[in-house]
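All values derive from a computational prediction rather than experimental measurement. These numbers come from the heavy atoms of this one structure, side chains and all, not from hydrogens, waters or symmetry mates. Sequence lines set the chain letters: A, B, ... in the order given, protein chains first and strands last, and positions in each chain run from 1.
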There are 2 protein chains.
Amino acid sequence: MGQVLLKERIRSTPASAKLTRRIARELPEALVPQRVDLPLGHILEGDCIEAMRRLPTASVDMVFADPPYNLQLGGDLARPDGSHVDAVTNDWDKFDSFAAYDAFTRAWLTEARRVLKPNGSLWVIGSYHNIFRVGAILQDLGFWILNDIVWRKANPMPNFKGTRFTNAHETLIWASMGEKAKYTFNYNAMKTLNDELQMRSDWVLPICNGAERLKKGGTKVHPTQKPEALLYRVMLATTNTGDVVLDPFFGTGTTGAVAKRLGRNWIGCEQQADYREAAMERIEMALPLDESALKTMQSKRAAPKVAFGTLVETGWIAPGTMVQDKKGRYRAVVRADGSLQVDDLNGSIHGVGAKLQGAPSCNGWTFWHLQHEGEVKPLDAVRQLYLLATED
Amino acid sequence: MGQVLLKERIRSTPASAKLTRRIARELPEALVPQRVDLPLGHILEGDCIEAMRRLPTASVDMVFADPPYNLQLGGDLARPDGSHVDAVTNDWDKFDSFAAYDAFTRAWLTEARRVLKPNGSLWVIGSYHNIFRVGAILQDLGFWILNDIVWRKANPMPNFKGTRFTNAHETLIWASMGEKAKYTFNYNAMKTLNDELQMRSDWVLPICNGAERLKKGGTKVHPTQKPEALLYRVMLATTNTGDVVLDPFFGTGTTGAVAKRLGRNWIGCEQQADYREAAMERIEMALPLDESALKTMQSKRAAPKVAFGTLVETGWIAPGTMVQDKKGRYRAVVRADGSLQVDDLNGSIHGVGAKLQGAPSCNGWTFWHLQHEGEVKPLDAVRQLYLLATED
DNA sequence: ACGGAGGCTGAATCCCTTC
DNA sequence: TGAAGGGATTCAGCCTCCG
């Protein structure tokens, strides 16, 4: 039912229909296994380093790896409403030291490198806890970084205590086997996916929740399940149909599910039996690609919102500038952080506007005005100019 | 002058009087060694590692560093001992150049760490060429990463050959001196700057061009001049007015220009004379903001505290008043000493709230509510009224 | 059936001062 | 120096429930 509703909601565009047709045309070849001695469509049990050792050298086209992040979390964390945050406390994410994590990283990357074809490529995802170590080590091993990609989360968890910036992204590294190595990059597919503009190194995608999130008895099966849209883009961009994709940290099989849907072959490694079971079941259920899924991964929720503060930072409105309402009844000074000050009252353009009028809310963009060359213009006019000047 | 203002802002209470005495006792030591021998507003010539060695230990509040991005751009990289690293293409030499870059990075980060105060913080900006090495090394040196920040460029250079994703971002690392170290974060200023939403780890800002870009004879003075908006956000977020900001790779002085505007002190290091000249000229032109514009939204943690008992003592809330949580599940009576009573349970507004909910902690100010003229208002609303009425 | 209110949750290195 | 305790702190999306 979810499928039907989704389909109905999504409109067919020429671009996505074209892409769907092309993928469908190419699918049949993909089904013919290329190498009889590869465990295609299987999840290898046990430690991924040991498991990869059983695979032949230079046999896979892409490795996608979502290794433990080594989060090093402290005590419990509660939301402002008192509820408990369900943290990643699994043993598989615990390491004694940076040195131990580095040794582990070097070991699995070394095997991944051996197993990759000369023209294959590597993807790794991580956060600031681990990604710098992973990046440095893979460079040391001879991989050549092609891009670092930022997954900007449309709906990240907030910073509940107000102690840092909201950790709103994760980083992926895409690397070839060496400086001179060839690699696959489907430039036009990416351009199509991005409304005929070059695909950039920052991708806005929602986190994995709702129906896509695997659950058992109401609780999530895996604490860090990745969204399929992320893997879609990765595979569509840097593999061809029929390619072999290896995921050494298979988890609940997002890589396998997307590979199946896109006509790629897959191999997984996973230690935990419950993850393996959930993954196999899920992959069996996975449907071939339809247009709705494609549309989902095109999600462009990065509305070009501009905060008033950005205009202050970028010099479009200087701190110290006087602003007023249209009739000049109220006047306020813009401060360095984009707040407004009127006597003892201060706050955002919206909050101060509301308080002065005694209203529950106020649109500061249209309420406050600037005097400019004899004219009185709403702040919104400045925002429009800024957007025009900085549009992609 | 800052001193006087500070004094005026602080109200005299027994607690603050005690604090004032303690500060007065500690001031002489604090003032003497640190400020007078710092070359504030100067650009130190020569190699930044040598230059930093001339600065006293634990003397600056922030280091902002925009180090050379890397190797493959050419032979302008020097080893820590000053010897020159040749541009190379062979595999073994590649390792050699990564090692040289690492040694250079370790050397300047070590000096930066020595010069930073225990509660200071470090910012480094880089791209995928160097940032993974920098990040791993600063972790090894004991810095504690607080956030990685993505500067998402609103108007990046396209990838002309269509061989990779458009490289549309750069990465900044923000780190404290250690896991337990304190640091400055102006949470409310950032939240205000971002239209009342928490500031996220992905910042959308335009690249530096137009009038801001320094040019001489029609060509840009520096190849990688950073936009002032970027430094503006960095400094507003993680320093206070009067702080000392050190930039070991000063270039054409974006850090200095923004520091001057925002009322921060600055020190730069720069090898090239033409950059130094352009920077000094530029900084002289920069206009400092006046004091009213410099004010930013204060955190509530720094606000004057009001004990609940004070509201009872002063008659704002009468002993015997019934309070309740928002939904009326819990009810309690206010006693004459400012404690709450529910059956056998009594204690502070926070403690009773926590115990009733079985929670580890509770903010009584927002948990407990009063019925007043048909409306249900949190105790915090009364506190706000009290503060307004008793303000200087 | 539809809309709004309210609940739940997500790779998180998540307080600070005083005694 | 560790324990105690005051009190500061959240955004988007999807779900269920109810009118």
Side-chain angles (χ1 to χ4, degrees), chain A residues 2 66-90 92-94 98 125-131 151 153-171 206-213 215 218-220 222-227 251 299 301, chain B residues 15 18-19 22 139 144-148 175-176 178-180 182-183 185 187-188 191 194 196-201 299-303 305-309 326-327 338 347-355 360-368 379-380 383:
Chain A
D66 181 11
Y69 287 8
N70 189 22
L71 286 184
Q72 308 167 72
L73 301 180
D76 281 348
L77 181 64
R79 297 186 178 80
D81 66 6
S83 63
H84 178 254
V85 176
D86 188 14
V88 179
T89 52
N90 310 58
W92 51 252
D93 197 46
K94 290 192 167 60
F98 279 133
I125 182 167
S127 66
Y128 67 85
H129 309 85
N130 71 323
I131 199 65
W151 168 26
K153 299 181 186 182
N155 45 352
M157 196 190 308
N159 180 294
F160 296 115
K161 304 294 186 191
T163 56
R164 305 180 181 189
F165 299 98
T166 304
N167 195 3
H169 74 277
E170 295 188 21
T171 302
I207 61 176
C208 177
N209 58 14
E212 190 188 327
R213 187 87 193 204
K215 297 202 173 154
T219 58
K220 55 192 177 190
H222 195 284
T224 70
Q225 185 182 338
K226 295 293 175 288
S299 76
R301 310 200 193 186
Chain B
K18 193 174 153 193
L19 191 61
R22 208 186 67 203
Q139 284 182 312
W144 191 250
I145 297 181
L146 298 164
N147 279 115
D148 60 334
S176 71
E179 182 174 359
K180 306 290 180 193
K182 289 183 185 173
Y183 55 90
F185 182 54
Y187 175 75
N188 275 32
K191 194 171 173 178
N194 195 38
E196 299 297 315
L197 288 178
Q198 287 192 338
M199 187 67 81
R200 299 167 37 120
S201 58
S299 80
K300 289 186 185 166
R301 284 194 178 103
K305 290 210 189 339
V306 177
F308 181 66
K326 197 172 185 182
K327 296 188 183 164
S348 70
I349 55 172
H350 315 293
V352 170
K355 269 184 193 155
S361 69
C362 165
N363 183 348
W365 290 107
T366 49
F367 180 74
W368 294 109
L379 296 184
D380 196 43
R383 177 169 60 165

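For K161(A), the listed nucleotide lying nearest its side chain is dC15(C); candidates were dC15(C), dT13(C), dG6(D). Residue N363(B) has its side chain nearest to dG7(D) when only dG7(D), dC11(D), dG13(D) are considered. Comparing atom distances between the H129(A) side chain and each of dA12(C), dA8(D), dT10(D) picks out dA12(C) as nearest. When each of dA12(C), dC14(C), dA11(C) is scored by its nearest atom to the side-chain atoms of L71(A), the top-ranked nucleotide is dA11(C). Side-chain proximity of Q72(A) to dG10(C), dC14(C), dT13(C): nearest is dT13(C). The nucleotide whose nearest atom lies closest to any side-chain atom of T224(A) is, among dA11(C), dC14(C), dG6(D), dA11(C). Among the nucleotides dG10(C), dC15(C), dA12(C), the one closest to the side chain of N167(A) is dA12(C). Considering only side-chain atoms of V88(A), the nucleotide from dA11(C), dT10(D), dG7(D) that sits closest is dA11(C). When distances are taken from the side chain of R383(B) to each of dA11(C), dG10(C), dA8(D), the shortest belongs to dA8(D). Here the side chain of R164(A) is nearest to one of dA11(C), dT9(D), dT13(C), namely dT13(C).
One interatomic measurement links the two molecules: CD1 of I131(A) to C1' of dT13(C), which rounds to 16 Å at whole-angstrom precision. R200(B) places its CZ atom 13 Å from the C1' atom of dT10(D), with the value rounded to the nearest Å. In this entry the distance linking CG of D81(A) with P of dT9(D) reads 15 Å, nearest Å. What separates NZ of K327(B) from P of dA5(C) is a distance of 14 Å, to the nearest Å. Per the geometry, CD1 belonging to I207(A) stands 8 Å off C1' belonging to dT9(C), to the nearest Å. A straight line from CG of N188(B) to C1' of dG7(D) spans 15 Å, rounded to a whole angstrom. Between I349(B) atom CD1 and dA8(D) atom C1' the separation is 13 Å, expressed in whole Å. Here dA8(D) presents its P atom at 12 Å from CG of L379(B), a figure rounded to the nearest Å.
Base contact: G75(A) has a heavy atom under 4.0 Å from a base atom. Using a 4.0 Å heavy-atom criterion, one finds that L197(B) contacts the sugar-phosphate atoms exclusively. Nucleic acid contact for P227(A): none, since no nucleic acid atom lies under 4.0 Å from a heavy atom of the residue. Residue C362(B) is in base contact, counting any heavy-atom pair closer than 4.0 Å across all strands shown. Note on D93(A): a base of the nucleic acid sits closer than 4.0 angstrom, heavy atoms only. Nucleic acid contact class of D66(A) (heavy atoms, under 4.0 Å, all strands): base. Among the protein residues, Q198(B) comes within range of the sugar-phosphate backbone only, with heavy atoms under 4.0 Å from sugar or phosphate atoms but none that close to a base.
Here the side chains of W365(B) and I349(B) are in contact, with some heavy-atom distance below 4.5 Å. Using a 4.5 Å heavy-atom threshold, the side chains of R301(B) and Y187(B) count as separate. Contact of the D148(B) side chain with the H169(A) side chain is registered, since non-hydrogen atoms from C-beta on lie closer than 4.5 Å. No side-chain heavy atom of Q139(B) sits under 4.5 Å from any side-chain heavy atom of Y128(A).
Between F165(A) and F185(B), the ring planes are perpendicular. Angles over 60° get that label, and only those under 30° would be called parallel.
The minimum heavy-atom distance between L73(A) and A87(A), with the atom names listed, is CD1-CB, 3.7 Å. For I207(A) against P227(A), the heavy-atom pair with the smallest separation is C-CB, 4.5 Å.
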N/O-N/O pairs, protein side and nucleotides 17-19 of chain D side, under 3.5 Å:
none

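The CG atom of N90(A) lies 8.0 Å from the OG1 atom of T224(A); values are rounded to the nearest 0.5 Å. The distance from atom CG of N130(A) to atom CZ of F98(A), rounded to the nearest 0.5 Å, is 10.0 Å. The CD atom of Q72(A) sits 11.5 Å away from atom NZ of K94(A), with the distance rounded to the nearest 0.5 Å. Rounding to the nearest 0.5 angstrom, the gap separating the CG atom in D86(A) from the CG atom in D76(A) is 10.5 Å.
Base-pairing analysis of DNA chain C finds the following stems of at least three consecutive Watson-Crick or G-U pairs, with both pairing distances under 3.5 Å: C:2-10 with D:11-19, C:15-19 with D:2-6.
Stacking of the aromatic ring of F160(A) onto the base of dC14(C) is not found under the criterion of centres within 5.5 Å and planes under 30°.
Nucleotides dA12(D) and dT13(C), compared at atom C1', are 23 Å apart to the nearest Å. Remark: the separation of the P atoms in dC14(C) and dG5(D) is 24 Å, to the nearest Å. Comparing dC17(D) with dA1(C), their C1' atoms sit 15 Å apart, to the nearest whole Å. The same atom, C1', is picked in dG6(C) and in dT10(D); the two are 16 Å apart, to the nearest Å. Straight-line distance between the P atoms of dT9(D) and dA11(C): roughly 25 Å, to the nearest whole Å.
Note on Y183(B): every side-chain N or O is 4.0 Å or more away from OP1 and OP2 of dC15(C). For the OP1/OP2 pair of dT10(D) and a distance below 4.0 Å, the side-chain nitrogens and oxygens of K191(B) include at least one atom meeting the criterion. Residue N209(A) places no side-chain N or O under 4.0 Å from the OP1 or OP2 atom of dA12(D). An OP1 or OP2 oxygen of dA11(C) is reached within less than 4.0 angstrom by no side-chain nitrogen or oxygen of S127(A). Between H350(B) and the phosphate of dG7(D), there is a side-chain N or O to OP1/OP2 separation shorter than 4.0 Å. Taking only side-chain nitrogens and oxygens, K182(B) comes nearer than 4.0 Å to OP1 or OP2 of dT17(C).
Residue side chain K226(A) reaches the base of dA11(C) through a donor-acceptor N/O pair under 3.5 Å, judged by distance alone. Below the 3.5 angstrom threshold, one finds a donor paired with an acceptor across the side chain of S361(B) and the base of dG7(D). Side-chain atoms of R79(A) come within donor-acceptor range of the base of dG10(C), with a qualifying N/O pair under 3.5 Å.
Comparing G210(A) and F308(B) along DNA chain D, the residue whose closest nucleotide (by nearest heavy atom) sits nearer the 5' end is F308(B).
In this structure dT10(D) sits in the anti conformation; its chi angle is more than 90° from 0.
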- Message: side chain to side chain contact (heavy atoms under 4.5 Å, CB included), that's the test. Do K191(B) and L197(B) meet it? Break it down for me.
- Response: CA-CA 5 Å; K191(B) 194 171 173 178; L197(B) 288 178; 5.8 Å; no

- Output, in order, the C-alpha distance, side-chain angles, deciding distance and verdict of side chain to side chain contact (heavy atoms under 4.5 Å, CB included) for Y69(A) and I125(A). CA-CA 9 Å; Y69(A) 287 8; I125(A) 182 167; 3.5 Å; yes

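Checking H129(A) against S127(A) by side-chain atom types alone, a donor-acceptor pair falls below 3.5 Å.
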